[in-house]
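Counting starts at 1 for both ligands and their atoms, in listed order.
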Amino acid sequence: VSECLTCAIKRVAIFVGYSCNNDCEFCVVAAKRGRPDRTTEEVREELKQAFQGGARQVVFTGGECTLRKDLCDLVAFARSLGFISVHIQTNGSSFVSMDLCKRLLGAGMTEFNPSLHGATASMHDSLTGRKGSFRQTVLGIHNVRKLTQGRMPILTNTVIVRKNYTSLADIARLLVGLRVHQIQFAFVHAQGNAARHYKRVVPRKSDVMPFVFKALDVAMKANVRVMTEAIPPCLMKGYEQFIAEPFIPSTEVRERGKLVERFEDVRISEAKVKFVQCQTCRFDRTCEGPWREYPEYYGSQEFQPVAG
Ligand code: SF4
């Protein structure tokens, strides 16, 4: 039932600012970090407009939205308008504070979306650029679980990069142990910091895939829902059912001075790329292809049409 509701509800993602306490080596908004965060009034106005436009699910994102002093007030405001679902997309570290967890839950947060990029403190912290961030995020997941007795949906994201791809199964094991509800492995998008250091950060997909499959097996065996993002079906042979894109709800995106009504259209037409050989592939109609920058570095040879 919740899946049907998720698909049917119109969703808005609001970028509330780009301040962050981490400095991930793959951060897609790194170039925007210096911009001032949006004011409380601006965000409230965005919420009102989105609600009037029919949105009933809101994702607060950034930057790190939990650094805002007014986040609990914004969550409560969204709920008072009538939003039935409020997701917090976060690096998760602020949830080490029980007080913040309690206040956000009390304000009406309904889903927790933390990121974990390593199975060990040294791996995660080296990717986030901040010592101690692993411990805080892991404790944050514990805290939310404990306070909600496992009822708050916890959907995690792990960005696949050169440093962590051989450890994906260990990351899956850790997340299974933390009893999250859904794990997502997203292939790095070369924007921001990742674009600046492409070869150091972005691995070749065909090198990564055996490790992705091992991680999917770990989650599958444990009965934990698991997804991959930005990996086309021609590389997912036998694992096609884990591709996230067909399940990502239609999303309106609101940034300062910018409104994208259907982000999925922009994702497909501008951010992803397809190839001549795709025309004979059985997945051509549903596949979005890899991120646009990928073949500029690694070519398109890995993407071979699937017969049938
Ligand atoms: S060959 Fe092209 S259409 Fe087919 S799965 Fe790969 S990227 Fe997608």
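- Atom numbering of ligand 1 starts at 1 in the shown order; those under 4.0 Å from a heavy atom of Gln304 are 1 (S).
- Distance from atom 4 (Fe) of ligand 1 to its nearest protein heavy atom, with residue and atom name: Cys281 SG, 2.4 Å.
- Contact annotation: for Lys274 versus ligand 1, heavy atoms closer than 4.0 Å belong to the side chain alone.
- Of the protein's non-hydrogen atoms, the one nearest atom 5 (S) of ligand 1 is Cys234 N, 3.2 Å.
- No donor-acceptor contact under 3.5 angstrom links the side chains of Asn157 and Ser115, judged on distance only.
- Between the side chains of Thr90 and Glu64, at least one donor-acceptor pair of N or O atoms lies under 3.5 Å.
- Using a 3.5 Å distance cut-off with no hydrogens or angles, the side chains of Asp70 and Thr40 do pair a donor with an acceptor.
- Listed by atom number, the atoms of ligand 1 under 4.0 Å from Pro233 heavy atoms are 5 (S).
- The closest side-chain donor-acceptor pair between Ser93 and Asn21 falls under 3.5 angstrom.
- If you run side chain to side chain donor-acceptor pair (under 3.5 Å) between Glu255 and each of Arg35, Arg38, Lys32, only Lys32 comes through.
- The nearest protein atom to atom 2 (Fe) of ligand 1, hydrogens excluded, is given as Cys278 SG, 2.3 Å; this is a heavy-atom distance.
- Asn193 and Glu25 are not linked by any side-chain donor-acceptor pair at a separation below 3.5 angstrom, with hydrogens and angles left out of the test.
- Among the backbone and side-chain atoms of Cys287, no N/O/S atom is found under 2.8 Å from atom 6 (Fe) of ligand 1.
- The contact set between ligand 1 and Pro305, taken as ligand atoms under 4.0 Å from a residue heavy atom, comprises 1 (S).
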